[in-house]
Amino acid sequence: MPIDNRVATNQPPPLVGHNVVTSDEALVDAVTRHASSEVVADIAVIGEVAGSAEAREHGMLANRFHPELTPYDRYGNRIDEVRFHPSWHWLMERGVGYGLQAAPWESDSPHAHVRRAAGFFAWSQTEPGHGCPISMTYAAIPALRVDDAIAKEWTPRLAAPSYDPGLRPVAQKTGALAGMGMTEKQGGSDVQANLTEARPTSVDGEYTLHGHKWFTSAPMNDVFLVLARAAGGLTCFLVPRVLPSGERNRLAVVRLKDKLGNRSNASSELELDGTWAQRLGDEGRGVRTIIEMVAATRLDCVLGSASLMRRALAEASWHVAHRSAFGGLLADKPLMQNVVADLAVESEAATALGIRLAAAVDDLGDPHEAALRRIALPLAKFWVCKRTPMMVAEALECLGGNGYVEESGMPLLFRESPLNSIWEGSGNVNALDVLRALSREPEALDAWLTEVGRARGEDHRLDRAIEDVLEMLADTTTLEVSSRRLAGRMAACLQGSLLVRFAPAAVADAFCATRLGTDYGGTLGTLPAGTDLRAIVERATPGL
Ligand SMILES: Cc1cc2nc3c(=O)[nH]c(=O)nc-3n(C[C@H](O)[C@H](O)[C@H](O)COP(=O)(O)OP(=O)(O)OC[C@H]3O[C@@H](n4cnc5c(N)ncnc54)[C@H](O)[C@@H]3O)c2cc1C
């Protein structure tokens with residue numbers, strides 16, 4: 001038989017046309033557990049579109065054709081606009097339309113935040129960059145609530161499931177988006193170093209801002225929560241891009257960042273020069289006010305990273321289920337089963353923890369849930385985001401050389417993978433925040449103990465890990481230097497507690513052996529012999 005080079009053999013079909021919700025058993029189980037099967041059915045509508053060839057194509061295009069800054073119009077007027085590829089707008093229209101922005105804060109449903117978290121997790125698998133403005137809009141509401149009048153003015157637009165791009169006064173828009181400006185050149189984590197100055201005007205509560213912001217993502221959003229220094233100290237301000245009169249606020253976009261990943265999204269440097277602002281909360285309470293927004297975005301960092309892991313796992317497990325080498329399917333090779341099963345364990349642990357934390361937001365009136373959220377958010381943000389690049393790199397390798405090529409979609413996931421660990425408090429900052437919660441809020445440790453204690457006696461490795469944490473906490477002289485170790489251990493105990501109680505035995509056992517016990521081989525793909533690898537892989541593979 002002559003060789004026909006026009007036809008490829010032994011190449012897997014693209015992973016499209018599947019429902020990213022219903023084909024993800026770990027997600028379905030978590031949403032059913034913390035909400036209901038009705039919520040699963042609701043978000044399955046999002047999962048259907050997210051798995052389509054059309055959505056995949058838009059995700060690729062939005063990253064190939066980067067946003068462009070247009071500082072001036074053709075006549076030389078300063079306009080500071082950013083132009084996006086139509087695929088960005090396609091993605092945004094659906095993400096906002098599905099109510100993944102601030103909609104849950106206005107919902108009567110008892111599971112609105114779980115629904116939104118699972119929808120965000122599923123929809124971000126199309127393309128992660130556009131999740132940024134959607135997340136910030138979700139996260140702005142708890143901070144806005146410090147001021148009734150401001151919250152009343154903005155919440156209906158931020159919560160409306162209507163994507164209405166373009167710079168116009170908010171009163172003329174059917175929906176609006178929010179962003180945040182904290183980081184300056186001389187200090188990001190250390191916001192007390194902020195230099196941007198706020199000068200009161202003659203109108204009570206109104207100021208002009210003078211200074212800069214070194215990172216402000218999604219500068220085409222309608223409104224920003226910005227930190228600046230007023231007479232009473234660091235203060236939070238509300239800065240609209242367009243003033244109620246229709247005039248553009250004095251907010252100059254100096255340039256867009258040329259970033260490693262997150263290419264579809266625009267991240268800008270801003271100059272504030274007489275920028276009109278309304279005070280949000282009291283002078284000197286800026287960090288206290290904006291921390292509410294930061295906390296809510298940290299949840300999305302966990303969900304966004306879990307979503308990257310799931311997409312990477314789905315691609316890896318799909319590939320090995322369709323590719324043969326050395327006389328058989330890769331999925332049947334014991335060592336490849338070990339790799340994919342280990343990826344699946346990591347992904348399920350991240351999914352379970354992310355959805356559990358969203359359930360805490362649905363129930364913030366319950367003191368246990370509120371305290372758990374306080375301690376578990378920085379724990380989870382530290383641990384899940386930190387493990388994502390390693391996990392995505394290993395998933396990429398399952399596709400061999402194809403995984404290194406842009407068309408596979410894996411490089412996009414890999415470039416995005418370190419980001420959630422950096423913004424909204426990078427790794428060390430979150431680990432230190434865990435110590436802050438432990439020292440200032442005794443109920444936080446109680447909440448963690450209660451939560452992990454729900455699985456006590458079920459697995460000796462989990463029991464031992466909980467004891468380890470208590471021993472670490474007892475030695476206060478080494479806490480700061482060991483805070484990453486402590487945060488990681490505490491997060492893994494939370495994941496272990498969820499998996500031991502709710503996941504299939506094979507998944508829970510593999511997790512406890514390698515993440516909590518001493519059976520870790522130094523890389524992924526080193527689950528101990530005797531693990532039911534096939535069961536774990538089958539649970540994780542879309543379409544099987
Ligand atoms: C793509 C992108 C988009 C962004 N968008 C926004 C945005 O919209 N709005 C916004 O305000 N910011 C934004 N940021 C900025 C981001 O939040 C900051 O970069 C981040 O908070 C870290 O601040 P920094 O860069 O000043 O680093 P630094 O604060 O200088 O930190 C450098 C390193 O030191 C570590 N570190 C800091 N303090 C300690 C300590 N006490 N002990 C030990 N280690 C420590 C940190 O963990 C980090 O690893 C964005 C960043 C990126 C990459």
Side-chain angles (χ1 to χ4, degrees), residues 16 20 46 49-70 80-98 100-101 119-139 163-167 175 177-180 215-222 253 255-269 297 300-301 303-312 315 385 388-389 392 396 405-424:
V16 290
V20 306
I46 302 174
V49 184
S52 67
E54 190 183 13
R56 191 191 165 103
E57 180 71 3
H58 284 299
M60 297 288 273
L61 290 173
N63 279 274
R64 183 167 291 257
F65 300 100
H66 305 160
E68 281 181 3
L69 175 63
T70 309
D80 297 295
E81 292 196 4
V82 180
R83 295 202 177 133
F84 292 88
H85 188 268
S87 288
W88 166 271
H89 296 296
W90 189 95
L91 293 160
M92 285 297 295
E93 191 178 337
R94 279 152 192 81
V96 171
Y98 294 136
L100 305 181
Q101 23 59 300
F120 180 79
F121 172 97
W123 186 248
S124 298
Q125 289 176 51
T126 58
E127 192 288 312
H130 76 292
C132 168
I134 289 177
S135 279
M136 291 194 292
T137 303
Y138 169 71
Y163 178 55
D164 189 357
L167 296 182
L177 297 168
M180 65 159 85
F215 278 94
T216 299
S217 289
M220 286 300 281
N221 283 1
D222 300 280
V253 181
R255 60 175 173 168
L256 300 185
K257 301 286 193 186
D258 184 5
K259 297 175 286 184
L260 165 69
N262 196 253
R263 298 261 185 97
S264 63
N265 183 27
S267 298
S268 66
E269 296 167 18
T297 51
D300 276 14
C301 291
L303 293 166
S305 289
S307 167
L308 283 177
M309 285 196 203
R310 173 57 201 170
R311 166 85 192 268
E315 295 286 351
C385 300
T388 305
V392 172
L396 182 154
V405 172
E406 287 292 338
E407 284 165 313
S408 71
M410 302 304 277
L412 189 161
L413 301 183
F414 185 60
R415 283 194 300 271
E416 188 79 12
S417 64
L419 180 55
N420 282 321
S421 187
I422 295 173
W423 60 16
E424 308 305 342

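Because only heavy atoms are used, hydrogens play no part in the values below, and waters and symmetry mates are left out as well, while side chains stay in.
Scanning all heavy atoms of the two residues, the minimum distance from P389 to S417 falls at CA-OG, 3.4 Å. The shortest heavy-atom contact between Y163 and V96 is N-CG1, 3.8 Å. Of all heavy-atom pairs between P128 and L308, the closest is CG-CD2, 4.1 Å. Taking both residues in full, the closest heavy atoms of L256 and E68 are given as CD1-C, 4.1 Å, listed atom of the first, atom of the second, then distance. Shortest non-hydrogen contact noted between L61 and S87 is CB-OG, 3.4 Å. In this structure, R56 and G409 approach most closely via the heavy-atom pair NH2-N, 4.3 Å.
Atom CZ in R94 sits 6.5 Å away from atom OH in Y98 (nearest 0.5 Å). Here CG of D80 is found 7.0 Å from CG of L69. Values are rounded to the nearest 0.5 Å. C132 SG to N221 CG: the interatomic distance, rounded to the nearest 0.5 Å, is 7.5 Å. Taking CD1 of I46 as the reference point, atom CZ of F121 lies at 12.5 Å (rounded to 0.5 Å). For the atom pair CH2 (W423) and CE (M180), the distance works out to 10.0 Å, reported to the nearest 0.5 Å. Distance check, rounded to the nearest 0.5 Å: CG of L100 to OG of S124 gives 7.5 Å.
For E424 and T297, the side-chain atoms include at least one donor-acceptor pair closer than 3.5 Å. Side-chain polar atoms of E127 and S264 form a donor-acceptor pair below 3.5 angstrom.
Side chain of S421 to main chain of P418: no donor-acceptor pair is present (N/O by atom type, distance under 3.5 Å, no hydrogens or angles). A donor-acceptor distance shorter than 3.5 angstrom exists from the side chain of T137 to the backbone of A178, with no hydrogens or angles considered. With R263 contributing its side chain and N63 its backbone, the two residues share no donor-acceptor pair below 3.5 Å.
Using a 4.0 Å cut-off between charged nitrogen and carboxylate oxygen, E406 and R415 count as a salt-bridge pair.
Between P86 and F65 the shortest side-chain heavy-atom distance does not fall below 4.5 Å. For the pair E269 and T216, the minimum side-chain heavy-atom distance is 4.5 Å or more. The shortest distance between side-chain heavy atoms of W88 and P165 does not fall below 4.5 Å. By the 4.5 Å heavy-atom criterion applied to side chains, M92 and I134 are counted as neighbours.
Evaluated for a side chain to side chain contact (heavy atoms under 4.5 Å, CB included) with M220, the options V253, L177, V82 yield exactly one hit, V82.
Listed by chain and residue number, S217, K257, K259, N262, N265 satisfy the side-chain contact (heavy atoms from CB on, under 4.5 Å) test with S267 (two or more places apart in sequence, or in another chain). Evaluation of the side-chain contact (heavy atoms from CB on, under 4.5 Å) rule for T126 yields A50, A55, L91, W123, H130 as partners, not counting sequence neighbours. Partners of W90 by ring pair (Phe, Tyr, Trp, His ring centres under 6.0 Å), not counting sequence neighbours, listed by chain and number: H58.
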